[in-house]
Number of protein chains: 2
Amino acid sequence: MPLKDTGTERLIKDAAKRLLFAEGKLYATTQDIADAAGINRSAVHYYYRTRNQLISQVFEESMTALSLRLDQAMLSDHPFPKKIEELIDIYLAEMIAYPYEETFMVTEINNAGHKLVTKIKEGPVSSFLEEVAREMEAGTIDKMNPVHFLINLFSLLSYPIIMAPLYQQFFQLAKDDFNKIIQERRDLVYQMIFKTKDGKTDHVKM
Amino acid sequence: MPLKDTGTERLIKDAAKRLLFAEGKLYATTQDIADAAGINRSAVHYYYRTRNQLISQVFEESMTALSLRLDQAMLSDHPFPKKIEELIDIYLAEMIAYPYEETFMVTEINNAGHKLVTKIKEGPVSSFLEEVAREMEAGTIDKMNPVHFLINLFSLLSYPIIMAPLYQQFFQLAKDDFNKIIQERRDLVYQMIFKTKDGKTDHVKM
DNA sequence: TTTTTATTCAACAAAATTGTTTAATAAAAA
DNA sequence: TTTTTATTAAACAATTTTGTTGAATAAAAA
């Protein structure tokens, strides 16, 4: 524990996040992290003692932050379409900034066996699922298990960004062209989500 | 190079695949792989000399195989809905068997900087994109950039499987319940893909 | 200025991982 | 059975990574 937070502690954690979440360097060593933070490797150990503790903190912090952001969006009192719009924007911004955050989480769970149960609140998700169910009753969106609705939403937003290096090759697109595709998805996903079987799509256009 | 393929060579590669793609142990050491294959670590080196060569072969082989399977599905001469059905089944089976294959590919690209350009054939993808475009003209599916259509398809299928450990927690579901959700997606994704804005969904039901 | 706190430096020990080698043994083929 | 081939065992060197320590500086606070 440092006696005072002079910012270096954060610097280290942010550098780790950048390497892991933004650059996808999931094996980053303490040296890598120190370099990325522009500090001495000793400092990493000084502040976090072990690599494991640093990684764990990054893991927990991100999990909590992500959870919180989503909860916030899900609990806002805006009308449903607006709320979805917010959810999309929040999620998209996060994924573009940190495409490998979720990948990291999953691999950490698979490798280190982190527990994250405690970090997830019951409330927001289940109450949002109920709201989704009500919207389905109202006919705004197609009827299905609300869990599928949310999975669809996140899938359509996250996956292409995570797999960008793969699909860029797959579709033989230049980096810029692929980025343009990603940008287009904000509206496209919104449309898809609100496209009902009976053709009513008369909602607030984004 | 072994003088003869007695099966051990494959055994090693398969064990590596299992660890990397099925269990998500993306950092598996030569020892881990040897253990998983039930053989001596020396054998790993005997057959592949270095870890890197083994990993590279696994990478290339999977890339080629995946590419081939998809090409095959995309080039079949079945009618479009049937073709999509095949594509879904192929993709879903692959993802369920090897949820982390794509994750591995991407992290390898980000870390080792593998080139895979040469592995992807021009033909099948672009001709399939054209077919998708024709179907859009015909009104079977919604009009959009065909690239988006394919990205949507793969996103909806892959992402929930890749992120299962995360979303299982997120939705507070038991493993079995979540698996049931995944199974439901085969039909659900099919429906979504063929759900047009004007409400015509009168295709072959799966 | 003195004292405390933050950071670096250098050196090192301990582990873990990789890769090589040589001999031993087991299995298969001739 | 002899010979080749496949596999293991054991020991080792090289490398990388981790983690510790204590002294040296630098910066900030008192």
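The figures that follow rest on heavy atoms only: side chains count, while hydrogens, waters and symmetry mates do not. Below, chains carry the letters A, B, ... as their sequence lines are ordered, and counting in each starts from 1. On a predicted model such as this, the values are computed, not experimentally measured, just so you know.
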Problem set entry | Given C:dG19, C:dA6, D:dG19, the nucleotide with the shortest approach to the side chain of A:Arg51 |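 Side chain of A:Arg51 sits closest to D:dG19.
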Problem set entry | Closest listed nucleotide, where the reference is the side chain of A:Thr29 and the choices are D:dT17, C:dG19, C:dT18 |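 Closest nucleotide to the A:Thr29 side chain: D:dT17.
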Expressed as a whole number of angstroms, how long is the span from [X]:[atom1] to [N]:[atom2]?
X	N	atom1	atom2	value
B:Arg41	C:dT21	CZ	P	14 Å
B:Gln31	D:dT8	CD	P	12 Å
B:His45	D:dC12	NE2	C1'	13 Å
B:Asn40	C:dG19	CG	P	15 Å
A:Glu9	C:dT5	CD	P	16 Å
B:Tyr46	C:dA24	OH	P	18 Å
A:Ile39	D:dA26	CD1	P	18 Å
A:Leu11	C:dA6	CG	P	15 Å

Problem set entry | A:Asn40 side chain to A:Ser42 side chain, donor-acceptor N/O pair below 3.5 angstrom |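 A pair is found: one side chain offers a donor N or O, the other an acceptor, under 3.5 Å apart.
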For this session: Give a yes-or-no answer on whether the side chains of B:Asn152 and B:Ser155 include a donor-acceptor pair shorter than 3.5 Å.
Result: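 Side chains of B:Asn152 and B:Ser155: no pair found under 3.5 Å.
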For this session: Check whether the ring centres of A:Tyr167 and A:Tyr159 lie less than 6.0 Å apart, and answer yes or no.
Result: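 Centroid distance A:Tyr167-A:Tyr159: below 6.0 Å, so yes.
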Exercise. Do A:Phe171 and A:Phe178 have ring centres separated by under 6.0 Å?
Worked result: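 Distance test on ring centres: not under 6.0 Å, no.
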Exercise. For D:dT20, does OP1 or OP2 lie under 4.0 Å from any side-chain N or O of A:Arg49?
Worked result: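 Checking A:Arg49 against D:dT20: at least one side-chain N or O falls below 4.0 Å of OP1 or OP2.
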For this session: Please state whether the phosphate of C:dT17, meaning OP1 or OP2, lies under 4.0 angstrom from any side-chain nitrogen or oxygen of B:Thr30.
Result: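 So the side chain of B:Thr30 is outside the cut-off, no N or O lying under 4.0 Å from OP1 or OP2 of C:dT17.
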For this session: Give one of base, sugar-phosphate or nothing for A:Ser42, where a contact means two heavy atoms less than 4.0 Å apart.
Result: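 Here A:Ser42 touches the bases of the nucleic acid.
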Exercise. Does C:dT20 pair with anything, Watson-Crick or G-U wobble, both distances under 3.5 Å, and if so, with which nucleotide?
Worked result: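 Here C:dT20 is engaged in a pair, and the nucleotide opposite it is D:dA11.
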For this session: Would you check, one step at a time, whether the test side chain to side chain contact (heavy atoms under 4.5 Å, CB included) holds for B:Tyr100 with A:Asn110?
Result: CA-CA 11 Å; B:Tyr100 305 106; A:Asn110 286 328; 3.0 Å; yes
